[in-house]
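I have placed the structure first, in the form of structure tokens, so that the comments after it can refer back to it.
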Amino acid sequence: MSDCLFCKIINKTIPSTAVYEDEFVYAFKDINPVAPVHVLIVPKQHIANVNDIDASNAKYLIDIHLAAKKITEELGIKDSGYRLINNCGSDGGQTVFHLHYHLIGGKNLGLNLL
Ligand code: 5GP
Ligand code: ZN
């Protein structure tokens with residue numbers, strides 16, 4: 001999608017710091033990290049958010065989780081733990097309307113959900 005920020009990051013029109021990439025997903029460092037590890041994992045296909053997941057594209061959810069596991073192994077936080085967060089829609093705090101999961105860790109995040 002030509003006017004989507006994350007599509008531009010995926011096709012490298014806009015630079016980012018890559019953390020992981022395969023045929024289906026791209027993962028890069030969040031520009032405004034909230035923890036020592038803050039990575040965004042996105043499907044290479046433009047999907048606006050969870051509301052647009054259906055049987056034709058649901059496989060991306062598996063790909064994103066498999067990528068998350070690989071990234072946490074690579075970064076050494078798999079066993080200490082981490083959080084995988086999706087914000088959906090404006091009340092959910094979504095500001096970029098290309099499906100993405102925040103992989104956050106590298107410190108004890110406590111029990112707060114916000
Ligand atoms: P949301 O609020 O939609 O769940 O998350 C969007 C995230 O994208 C935010 O954490 C924000 O810091 C990040 N972000 C926004 N613009 C850019 C950018 O140009 N590059 C990178 N790497 N991250 C961005
Ligand atoms: Zn997009």
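Atoms within each ligand, like the ligands themselves, are counted from 1 in listed order. Position 1 is the first residue of the sequence; numbering continues from there.
- Contacts with ligand 1 closer than 4.0 Å are made by no heavy atom of Tyr101, backbone or side chain.
- Atoms of ligand 1 lying under 4.0 Å from at least one heavy atom of His102, given by number and element, are 1 (P), 4 (O), 5 (O), 7 (C), 10 (O).
- At most 12 heavy atoms of other shown residues, nucleotides or ligands fall within 6.0 angstrom of atom CG in Asp91.
- Ligand 1 has at least one atom lying under 4.0 Å from a heavy atom of Phe6.
- Atom 14 (N) of ligand 1 has its closest protein heavy atom at Ile31 CG2, 3.8 Å.
- When non-hydrogen atoms are compared, ligand 1 lies under 4.0 Å from the backbone of Lys29 (N, CA, C, O) but not from its side chain.
- Within His46, the N, O or S atom lying nearest to the Zn ion (ligand 2) carries the name ND1.
- Ligand-side atoms of ligand 1 in range of Thr95: 1 (P), 2 (O), 3 (O), 5 (O), 6 (C), range being under 4.0 angstrom from any heavy atom.
- When all heavy atoms of Ile41 and Ala27 are compared, the pair lying nearest together is CG1-CB, 4.1 Å.
- Scanning all heavy atoms of the two residues, the minimum distance from Cys7 to His46 falls at SG-ND1, 3.5 Å.
- Aromatic ring centroids of His100 and His98 lie 6.0 Å or more apart.
- Between Ser16 and ligand 1, not a single N/O pair is under 3.5 Å apart.
- In this structure, Tyr20 is a member of the same hydrophobic cluster as Val37, with clusters built from ILVMFWY side-chain heavy atoms closer than 4.5 Å.
- Of the protein's heavy atoms, Leu5 CD2, 3.4 Å lies nearest to atom 16 (N) of ligand 1.
- The aromatic ring centres of Phe6 and Phe28 sit less than 6.0 Å apart.
- Cys7 contributes SG and His98 contributes ND1; the angle these two atoms make at the Zn ion (ligand 2) is 110°, rounded to 10°.
- Using modelled atom types and a 3.5 Å distance limit, the side chains of Tyr26 and Lys44 yield no donor-acceptor pair.
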Just do the side-chain contact (heavy atoms from CB on, under 4.5 Å) check on Leu103 and His38 with the steps written out, would you?
CA-CA 6 Å; Leu103 171 59; His38 189 167; over 6 Å; no
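- Contact atoms of ligand 1 toward Asn32: 12 (O) (distance under 4.0 Å to a heavy atom of the residue).
- Contacts with ligand 1 closer than 4.0 Å are made by no heavy atom of Ile14, backbone or side chain.
- Within the 4.5 Å cutoff, the side chain of Leu99 has heavy atoms near those of the Asn86 side chain.
- Using a 4.0 Å cut-off between a side-chain N of Lys or Arg and a carboxylate O of Asp or Glu, Glu23 and Lys59 do not qualify as a salt bridge.
- Heavy atoms of other residues, nucleotides or ligands lying less than 6.0 angstrom from CD of Glu74 number 12 at most.
- Between Ile14 and Leu5, some side-chain heavy-atom pair lies under the 4.5 Å cut-off.
- Among all non-hydrogen protein atoms, the one lying nearest atom 5 (O) of ligand 1 is His100 NE2, 3.1 Å.
- Between Val96 and ligand 1, an N or O atom pair is found at a separation short of 3.5 Å.
- Set against the non-hydrogen atoms of Gln94, the atoms of ligand 1 under 4.0 Å away are 3 (O).
- The residue Thr17 has no part lying near ligand 1, judged by heavy-atom distances below 4.0 Å.
- Ligand 1 places these atoms under 4.0 Å from at least one heavy atom of Phe28: 21 (C), 22 (N).
- Polar contact check, His38 against ligand 1: no nitrogen or oxygen pair lies under 3.5 Å apart.
- When only interatomic distances are considered, the shortest N/O to N/O separation between Gly93 and ligand 1 falls below 3.5 Å.
- Residue Asp30 holds the heavy atom nearest to atom 11 (C) of ligand 1 of all those in Ile104, Asp30, Ile9.
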